[in-house]
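Numbered from 1 within each chain, the chains take letters A, B, ... in sequence-line order.
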Amino acid sequence: MTVATALPHVPVLRRGEPYISLDKGALLDHRGGEPVAEMSLANAGLIRRDIRRIGEAFDVLQSVSSSRMLEICRGAGDLFMNASLPFGDGETQSPADYVQNLSSTTGLPHALVRRNMAKVYEVFTRMETILRGLTRGLDLTALDGGLGEQESALVSFYAAARCMGVVLPSNSPGVNSIWMPAVALRIPVVLKPGREEPWTPYRIIQAFIAAGCPPEAFSFYPTDHEGANVILDQCDRGIIFGDEKTVSRYANNPAVQVHGPGWSKILIGADKADHWPDLIDVIVRSVSDNGGRSCVNASTVLTHAHGPEIAEAIAERLAKIVPCEVDDPDALLCGFANPRFAEYFDSAIEEGLKTPGAEDVTARFRTGPRRIERGSSVYMAPTVVYCESFDHPLANREFLFPYVSVVEVPQDRMLEVMGPSLVVTAITADPVFMKQVLRCRSIERLNLGALPTSRVQWDQPHEGNLFEFLYKRRAIQAA
Amino acid sequence: MSVVVESALTEANEKRNQHLREIIDWHFSPETGCPYWLEWARRAGWDPREEIKTYDDIVRFPHFDDETLRNEPHEVWIPREYQGKPYKIFETGGTTGLPKQRISWTDHEYDYTEFAETLDPEHFPRGGNWLMMGPTGPRRLRLTIEHLANVLGGSCYHLDLDPRWVKKVIAQGRPAEARAYMEHVVDQAVPILKHRNVSCLFTTPKLLEALGDKINVPNAGVRGVFLGGTSMTNQVVRFLVEEVLENRARLVPTYGNTLMGLACSKPLSAEEGYALTYYAPQPRAVLRVVDPDDTARTVEYGEWGRVELTTMTREFFMPRFLERDEAVRREPWGRFAWDGVGEVRPFRAEQNKVVEGVY
C-alpha cells in the first residue's frame with residue numbers, strides 16, 4: 001500500500017537512534033481502513049546486526065545507578081501522562097494525540113485508553129514498589145556493584161542477559177507494563193510492537209528518554225515474522241505473547257518466557273454459592289474490564305451451585321454494554337481493528353453452540369446479533385454461555401472481547417478439571433477448600449475472596465519473575 | 001535518469017525482431033530444428049516461420065509448459081546441427097523426484113562472457129580471484145561463475161552448498177537445522193577469504209548477511225559482490241550496500257535462472273531508494289510484464305504484472321514461460337533500450353500474506 005508522506009511516521013529505533021526504513025507498513029483506522037500513519041519496517045538482517053552490538057547499550061545502562069533509574073522512572077511517568085513527546089521526524093505527540101492515534105488503530109475507546117495510560121503511569125511512578133516485589137526487598141545498590149547484603153548475608157547478583165527482547169501484542173496497551181521494569185533493572189530492551197499498536201511502547205520509550213534515560217536502552221523494531229524470530233533467537237532473554245502453539249514452541253526454551261492465553265477463572269465455593277447475588281458485580285468487572293481484551297479477564301465461572309441463575313444475572317448486566325462513540329466516556333466495548341477476528345470469534349461460538357448442553361444466555365437480553373456492525377466499525381457483543389458440563393467446547397474458551405462461560409462443578413472437582421489459569425479469584429471461606437486452592441499448581445495469580453480477576457497489585461508479579469529472569473544470584477565468599 | 005533516445009529504441013526493436021525470425025527459422029526448419037518444436041508445429045497446424053514476423057506476434061504461442069523439461073527426453077531438445085555433440089545438463093528447482101533439466105552447449109558461457117563486460121573493473125578487477133558462495137552440484141552457476149572468473153582473468157574458489165537440503169529442512173519445520181547449514185556454508189567461506197586473495201564474490205542475499213555477521217566483508221578484500229538467487233526488498237538492498245558492504249564494495253544484483261541467463265540491474269542509488277530494475281539480455285531473452293488475467297496484454301509502465309520470459313538462442317527456444325514472479329514494468333534505461341522489470345517478488349506475494357497470530 002502506498003502511503004502519503006504527510007502521514008505521521010513511526011520510525012525504527014536502533015539503540016535509541018531513529019531510522020527510516022525503505023520498507024513501510026500502513027497503520028489503518030479500524031473504522032474503514034483508512035491509513036492514519038506509516039511505520040518503518042526493519043529487515044531481519046538489520047536487527048540481527050544490531051543485537052550483535054547490544055553489549056554497548058548494556059554497558060551504558062549498567063553505568064547508571066539504580067537510584068538514578070528510579071528517579072528517571074518517576075519523571076518519565078509525568079512526562080508520559082502530560083507532555084508532548086518527540087514523535088516521528090521532528091514532530092511531537094501530545095497526550096491527546098496519543099489517545100486519538102491509539103484508539104483509531106486498535107478500536108479501543110478513549111476512556112479505556114486513558115485507563116491504560118493511568119496503568120502505565122502507575123508502573124512508572126511505583127517502580128520502586130514493583131522492584132521491591134520482584135527482588136523480594138533487595139537493596140538495589142547490591143545490583144549496582146554486583147555485591148551487597150541481605151539479612152546480614154553477603155549476596156552477589158549478575159545480569160544474566162545483555163538485553164531482553166519482547167514481541168508485543170496489539171490487544172491492550174497495559175501489556176507494556178511487563179517490560180518496563182527491565183529498563184529500571186538496567187537491562188536494554190529490544191521491542192517488536194504489535195501491528196496496530198506501536199503507539200504505547202514508542203511513547204513510553206520517549207518518556208524514559210526525556211526523563212534522562214540513556215537512549216541506547218531502547219531498540220524498537222516494527223518488523224515481520226522473520227524479524228520477530230530474530231529478536232527471540234538473538235536476545236539473551238525473550239518474552240512473547242501468543243497462542244497455545246507459541247507456548248508449546250518455546251516450552252523447552254528457558255530463555256523465552258511465553259505469555260499464552262490466560263484462561264482466568266472465578267471459583268465460587270459451596271459455602272458462597274447461595275450468596276451469588278452479592279458476587280455479580282465482581283464477576284461483571286472481571287469479565288468486562290478493559291473491554292475484555294486482557295489475559296486477566298475472567299473467561300470461566302465455576303460455581304458449586306446456582307449456575308443458571310448466575311449466568312442469567314451476569315448476562316442481563318453484560319447485555320447492557322453496547323458499542324458507543326469512541327470518545328464516549330462510558331464506552332466499554334472495543335471495535336475490531338481486523339474485522340476478520342470478529343467473524344472468527346462469532347463463528348467459533350456458533351459452532352460451539354451446535355454441541356448440545358450450552359446456551360448463549362445473553363441472546364435472551366440482546367436486541368440484535370452478537371457481531372455488530374456500527375458505521376464502519378465491527379464489535380462483538382458481550383456473551384455469556386451457560387454450559388452444562390466443563391467438557392463442553394465453549395466452557396474453557398477465551399476471546400478478545402467480554403466472553404464468559406458459567407459451569408456448575410462440584411467444589412471437590414473444580415481444581416481437578418479447571419486446567420492452567422493465569423488468575424483465579426477463589427470465593428470461599430471454607431478453610432479446607434482454601435488450602436486446596438493454595439496448593440494448586442495450575443494457578444499463577446490467586447485472589448482470595450471477592451476481588452475482580454482484573455485487579456493488579458504491583459508488588460505481586462505474575463507469570464514469572466522478571467528479576468529472576470534477568471539476574472542470577474551466585475554464591476559468594478569474601479576473605 | 002538516463003533517457004533512451006527514440007532511435008536506440010527502434011534499433012533495439014529491429015534487432016529483437018530480426019533475432020526472433022532467425023531463431024524461429026532455426027528451430028522450425030527440418031534442416032536445423034529440434035524434434036520437439038518440429039513436432040509441435042505439425043500438431044499445431046501452423047508454421048511459425050510464416051506467421052511470426054515481429055515480437056508482437058509471440059502471443060501466437062501458448063505459454064511454455066516447463067514440465068516438458070522434466071518429462072521429455074533430452075534428445076527432443078537437440079537441434080539437428082548439435083546432434084552428436086556432448087552437452088551439459090543443468091537442473092533447476094527440484095527437491096523431490098526428477099528435477100527440470102535444460103541442456104546447453106555454449107549458451108551458459110556466452111551469457112556470462114557477455115555479462116563480464118558489464119562489470120566495473122574498479123570493483124571486479126581483471127585478474128582478481130572469485131569466491132563462489134552459492135549453489136553447487138547440478139546448477140549452472142557452479143560452472144558459470146568459474147567461467148566468469150576465468151573470462152576476467154582470475155580463478156574461482158568453491159565451497160559445498162546443497163540448496164535442496166535447506167529447502168527440505170525448512171519445509172519440514174526445522175529452521176534450526178537450516179540455520180546450522182547456513183553456518184556450515186559461511187564457515188567454509190571465512191577461511192578462504194582470510195587466507196586467499198579474493199576480490200570478487202558471488203552469493204545470495206541471506207548468505208551475504210550471514211557472512212557479514214562473521215567478518216567485515218570489505219575488510220576481507222572483497223571489492224565487488226555479484227548477487228543472485230532470491231528476490232530482495234529495497235530495504236534489504238540498502239542494508240547490504242550501506243551496512244554489510246559499508247558502501248565500499250560494489251553490489252551487483254541480478255535476476256536470472258537456468259532458463260533465461262542473466263538480467264542485469266540498473267546501477268543502485270540511494271537517491272532512487274535502492275530500487276531494483278532488471279533488464280533481460282536481449283535479444284537472447286526477453287522479459288515482458290503481463291496482466292495475469294489476460295497474459296497477451298503487456299501492462300502499462302509502473303503497473304504490476306506477472307513476469308513472462310521468452311528465451312531465444314540456437315540451443316534453446318522457450319516462448320512465453322510464465323515465471324513464478326511478479327514485477328513492475330519499467331521504462332528503458334541507459335544502454336538497455338528495452339523494458340525493465342522492477343521490484344521482482346514472488347507472484348501474488350502481497351495477497352498471500354497471512355495474518356500472523358490472533359492479536
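- When all heavy atoms of A:Arg49 and B:Glu243 are compared, the pair lying nearest together is NH2-O, 3.0 Å.
- In terms of heavy-atom proximity, B:Asn234 sits nearest to A:Leu22 at O-CD1, 3.6 Å.
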Please step through side-chain contact (heavy atoms from CB on, under 4.5 Å) for the pair B:Asp213 and A:Arg52, ending with a clear verdict. CA-CA 8 Å; B:Asp213 283 341; A:Arg52 269 176 44 218; 2.9 Å; yes
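- Looking only at heavy-atom pairs under 4.5 Å with chain A, the residue among B:Pro175, B:Ala210, B:Gly212 that has the most is B:Gly212.
- A:Ile20 touches chain B through its backbone: at least one of N, CA, C or O sits under 4.5 Å from a heavy atom, while the side chain does not.
- Of the two parts of A:Asn229, neither the backbone nor the side chain holds a non-hydrogen atom closer than 4.5 Å to a non-hydrogen atom of chain B.
- Between B:Arg238 and A:Asn43 there is no side-chain heavy-atom pair separated by less than 4.5 Å.
- Neither the backbone nor the side chain of A:Phe336 comes within less than 4.5 Å of any heavy atom in chain B.
- Around atom CG of A:Asn252, no more than 12 heavy atoms belonging to other residues, nucleotides or ligands sit under 6.0 Å away.
- Within 6.0 Å of CZ in B:Arg248 there are more than 12 heavy atoms belonging to other residues, nucleotides or ligands.
- Atom CD1 of A:Ile47 sits about 9.5 Å away from atom CZ of B:Phe239, to the nearest 0.5 Å.
- Residue B:Gln235 holds its CD atom at 9.0 Å from CG of A:Leu41, rounded to the nearest 0.5 Å.
- Residue-environment remark: NZ (B:Lys194) stays at or below the threshold of 12 foreign heavy atoms within 6.0 Å.
- Residue B:Val237: no heavy atom, backbone or side chain, is found under 4.5 Å from chain A.
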